[in-house]
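As the structure is a prediction and not an experimental result, all values here were calculated from the model. Just so it is clear: chains get the letters A, B, ... in the order the sequence lines come, proteins before strands, and each one is counted from 1.
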There are 4 protein chains.
Amino acid sequence: MPKVSDEHRLARRQQIVAAARTCVAEQGFHKTTMADVIRASGLSAGAVYGYFKSKDEIVAAIADDALSSVDRLFEEILAREEPLTPLAALEAAVEHVAFVAGQAGGDVTKVGIQAWAEALHNDAIKAIASEKYRMLRGHFVEVARRAQADGTVDPDTDPEYIAQVLFGLIPGFILQRLILGDVTPQTYTAGLAALLPR
Amino acid sequence: MPKVSDEHRLARRQQIVAAARTCVAEQGFHKTTMADVIRASGLSAGAVYGYFKSKDEIVAAIADDALSSVDRLFEEILAREEPLTPLAALEAAVEHVAFVAGQAGGDVTKVGIQAWAEALHNDAIKAIASEKYRMLRGHFVEVARRAQADGTVDPDTDPEYIAQVLFGLIPGFILQRLILGDVTPQTYTAGLAALLPR
Amino acid sequence: MPKVSDEHRLARRQQIVAAARTCVAEQGFHKTTMADVIRASGLSAGAVYGYFKSKDEIVAAIADDALSSVDRLFEEILAREEPLTPLAALEAAVEHVAFVAGQAGGDVTKVGIQAWAEALHNDAIKAIASEKYRMLRGHFVEVARRAQADGTVDPDTDPEYIAQVLFGLIPGFILQRLILGDVTPQTYTAGLAALLPR
Amino acid sequence: MPKVSDEHRLARRQQIVAAARTCVAEQGFHKTTMADVIRASGLSAGAVYGYFKSKDEIVAAIADDALSSVDRLFEEILAREEPLTPLAALEAAVEHVAFVAGQAGGDVTKVGIQAWAEALHNDAIKAIASEKYRMLRGHFVEVARRAQADGTVDPDTDPEYIAQVLFGLIPGFILQRLILGDVTPQTYTAGLAALLPR
DNA sequence: CATGAATGAGTCTTCATTCAT
DNA sequence: AATGAATGAAGACTCATTCAT
């Protein structure tokens with residue numbers, strides 16, 4: 001297949017990443033063997049290694065993909081409505097998380113949690129997570145600023161701190177949803193609404 | 001002999017769990033080999049297997065230990081002061097987390113994150129995490145009830161939902177602290193204070 | 001078409017052998033991969049396999065080429081001067097070896113040593129080496145005969161035995177030159193001169 | 001087997017090296033797989049890797065062993081007879097080589113040739129070969145010095161150069177013996193005798 | 001004819017666990 | 001009870017060769 005490259009190459013990488021994501025969402029990074037990924041991708045060992053140099057590179061690609069997918073859709077959501085209150089922002093975020101988690105092809109939030117654990121002793125993953133999360137949190141800084149301008153939120157607090165808290169609610173949502181299983185966008189939003197000033 | 005044996009047995013188990021925790025905090029569950037644990041514990045392979053049937057059992061013991069340690073101290077903190085506001089509860093929680101993370105013998109919060117990831121495909125760990133977190137979140141239900149009694153928080157919202165949000169802030173704190181490195185109990189508490197009604 | 005094809009075919013084979021020789025001189029037969037040879041030759045995998053059926057065939061071609069190149073030039077050297085003494089023959093041989101070793105395109109003596117090792121368990125290579133070396137040693141038989149006619153060397157000894165010794169000095173020169181690095185045509189010739197009758 | 005170490009450890013290493021030597025003499029360094037060595041040694045994979053960190057380390061051990069065995073016996077041979085002429089030294093050397101080559105457990109000279117090839121692109125092997133050969137050649141320097149004292153050999157030539165030539169005859173003997181198959185200690189010694197002054 | 005992506009058997013190595021002493 | 005050498009089933013990765021385009 002001499003002249004298929006570029007789009008073909010990208011498509012194959014996507015194919016492999018998709019296969020790997022499915023495996024990783026089911027079994028985690030470490031229980032997922034290259035043989036699993038190879039089987040799931042429908043390619044041969046040699047072919048997979050033609051697109052990725054190592055398992056670590058595939059793991060990094062999945063993590064990047066999983067964290068990016070969250071950020072990508074966030075960007076538009078947060079940019080959309082003009083007067084985006086903290087509560088509305090969190091609601092949108094959490095609904096989006098629940099939505100992508102239910103998509104076919106492996107729960108992205110499970111991959112995300114794997115990435116958290118991996119980031120602790122894998123610098124490549126840590127760099128990816130760090131970059132994506134900083135970006136994501138940046139959106140909440142903007143939300144905080146608007147709320148301060150509205151007078152809804154104390155104007156003297158560093159909006160970064162407020163963003164830490166708003167962004168910080170998301171991991172807790174993901175985790176409770178997967179491990180305790182009794183948290184939904186509705187309950188979480190209602191809980192936050194009760195805490196915030198009416 | 002049973003008495004001595006029992007204490008001895010427990011002490012040995014603690015010794016092994018402590019050794020394992022150090023390894024796991026540094027390298028994660030999967031990069032930690034039994035040889036690492038055996039070396040760190042100062043025992044022999046045979047001895048370690050005399051106290052734990054398998055690596056999985058040790059992993060479960062570490063996870064239990066890590067999650068319990070958080071809960072144990074929480075219990076007293078939350079029981080202590082009478083009029084514990086949501087903000088004060090979160091502050092205490094987060095300060096405690098930062099404190100235990102700095103203790104010698106391996107950062108417990110790192111082990112905790114490993115446990116989150118592991119829980120997704122290891123039922124024993126999931127059961128432990130589930131139990132501990134349900135307990136932990138229960139304390140926040142009580143906090144929510146008090147705040148509703150005070151009139152600080154909307155009395156018509158299910159206090160469980162409010163607890164989901166308050167408890168849900170903690171994973172976000174742990175994660176940002178370790179991966180982004182710019183979050184402290186002070187910034188986090190300030191951020192939350194700004195959002196809550198003055 | 002057969003004529004153009006034939007020259008073309010030979011030129012391509014030479015191109016591949018030259019590329020392979022460079023790789024083999026640097027890394028040895030076994031560390032040299034077909035991918036290396038393909039890259040160095042500037043051809044495609046398919047093209048290379050159009051000219052050689054297998055890696056083994058390429059290896060045999062390199063070995064043949066390396067051993068032939070030594071022999072080819074030997075033939076003329078030994079045929080040139082009329083009264084060629086054993087010392088002069090060895091000197092010419094050793095100087096020629098040092099010269100071809102320094103040529104661009106991969107040290108032929110390194111390829112030669114590889115061929116020795118390979119000959120031990122590869123019958124094709126063994127046959128090539130055997131043939132070339134028998135030829136090469138044949139020249140020294142002639143030298144021995146002349147020296148016996150001169151009275152310089154004992155006439156009762158089988159000239160084949162004398163040739164074994166004269167020819168046998170060359171591998172030792174190649175080896176010491178590459179591994180110990182302190183042997184030159186001058187030192188080696190001087191050493192032999194000291195041993196032979198004045 | 002808790003308390004067998006030291007002699008046991010050395011014995012096991014020898015056992016592995018012996019097994020590996022047999023394989024390598026038959027098939028060469030590269031065609032010999034770890035599975036071959038493991039099978040031949042009668043141990044398990046894990047056991048072999050308990051004694052050697054890698055295949056390279058085993059290869060180095062075989063090379064060391066093969067080259068040492070030659071040197072070890074040389075030392076005594078050359079030290080034995082008082083007035084050791086160059087011819088007698090070469091004869092002893094070559095007879096010893098033919099003897100060890102015939103020993104059971106893998107032809108050491110074949111391993112030696114493999115080591116020559118390997119030394120060209122493996123620094124560990126090169127270092128071993130370099131050391132052993134320098135030692136070995138050192139013995140011939142002594143032989144040269146004695147011959148110069150006797151007046152048998154030109155006293156103005158650096159004895160190192162003479163040693164290069166005497167030592168340099170050995171690889172040629174080994175090679176012709178294995179590849180051409182028509183050289184024996186007797187023919188080689190006779191050939192040299194014919195060349196040297198009567 | 002040429003291309004080079006794809007193949008998949010085979011390589012080295014690790015590591016949880018056992019058991020003879 | 002304790003020891004730690006031994007086990008061997010996987011695991012990640014390579015590379016000579018083919019064949020659809």
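- Residues Thr33(C) and Asp36(C) bring a donor and an acceptor atom of their side chains to less than 3.5 Å of each other.
- Between Lys31(D) and Lys31(B), the residue anchored nearer the 5' end of DNA chain E, judged by the nucleotide with its closest heavy atom, is Lys31(D).
- What separates NE2 of His30(A) from C1' of dA10(F) is a distance of 16 Å, to the nearest Å.
- For the OP1/OP2 pair of dC13(F) and a distance below 4.0 Å, the side-chain nitrogens and oxygens of Tyr49(A) include at least one atom meeting the criterion.
- Checking dC13(F), dA16(F), dG4(E) against every side-chain atom of Lys55(C), the shortest atom distance belongs to dA16(F).
- In this structure, Ile38(B) places its CD1 atom 12 Å from C1' of dA5(F), rounding to the nearest Å.
- Atom CZ of Phe29(A) is separated from atom P of dA12(F) by 14 Å (rounded to the nearest Å).
- Judged purely by distance below 3.5 Å, without hydrogens or angles, the side chains of Ser54(B) and Asp56(B) never pair a donor atom with an acceptor atom.
- Checking side-chain atoms of Lys55(A) against main-chain N and O of Thr32(A) turns up a donor-acceptor pair under 3.5 Å.
- Phe29(B) approaches Ala115(B) most closely through the heavy-atom pair CE1-N, 3.8 Å.
- Map Val48(D) and Ala45(A) each onto its nearest nucleotide of DNA chain F; the residue landing nearer the 5' end is Val48(D).
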Each base of DNA chain F marked ( ) or [ ] if paired in-strand (Watson-Crick or G-U under 3.5 Å), | if paired to another strand and . if unpaired gives .||||||||||||||||||||
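- Remark: the backbone N or O of Ser41(C) is paired with a side-chain donor or acceptor of Gln15(C) at under 3.5 angstrom.
- One interatomic measurement links the two molecules: CD1 of Ile16(D) to P of dA6(F), which rounds to 9 Å at whole-angstrom precision.
- Nearest nucleotide to the side chain of Thr33(B), out of dC15(E), dT7(F), dG4(E): dC15(E).
- Lys126(A) and Leu178(B) make their closest contact through NZ-O, 3.6 Å (heavy atoms, listed as atom of the first residue, atom of the second, distance).
- Among the protein residues, Tyr51(A) comes within range of the sugar-phosphate backbone only, with heavy atoms under 4.0 Å from sugar or phosphate atoms but none that close to a base.
- Every residue two or more places apart in sequence or in another chain that forms a ring-ring contact (aromatic ring centres under 6.0 Å, His included) with His30(D) is listed here: His30(C).
- Looking at the side chain of Ser54(D), the nearest of the listed nucleotides dT13(E), dG8(E), dA12(F) is dT13(E).
- Among the atoms of the strands shown, none is found under 4.0 Å from any heavy atom of Gly50(A).
- The CE atom of Met34(B) sits 18 Å away from the P atom of dT14(E) (whole-angstrom rounding).
- For dA5(E), the OP1/OP2 oxygens have no side-chain nitrogen or oxygen of Arg9(A) closer than 4.0 Å.
- Taking atom NE2 of His8(A) as the reference point, atom P of dA20(F) lies 15 Å away to the nearest angstrom.
- Between the CZ atom of Arg13(A) and the C1' atom of dA5(E) there is a distance of 16 Å, given to the nearest Å.
- Nucleotide dT17(F) holds its C1' atom 13 Å from the CG atom of Asp56(C), rounded to whole Å.
- For Arg21(D) (side chain) and Val108(D) (main-chain N/O), no donor-acceptor pair under 3.5 Å exists by modelled atom type.
- With distances taken from any side-chain atom of Ala47(C) to the nucleotides dT3(E), dT17(E), dT14(E), the minimum falls on dT3(E).
- In this structure, Leu43(A) reaches the sugar-phosphate backbone alone: every heavy-atom distance under 4.0 Å involves primed, P, OP1 or OP2 atoms, never a base.
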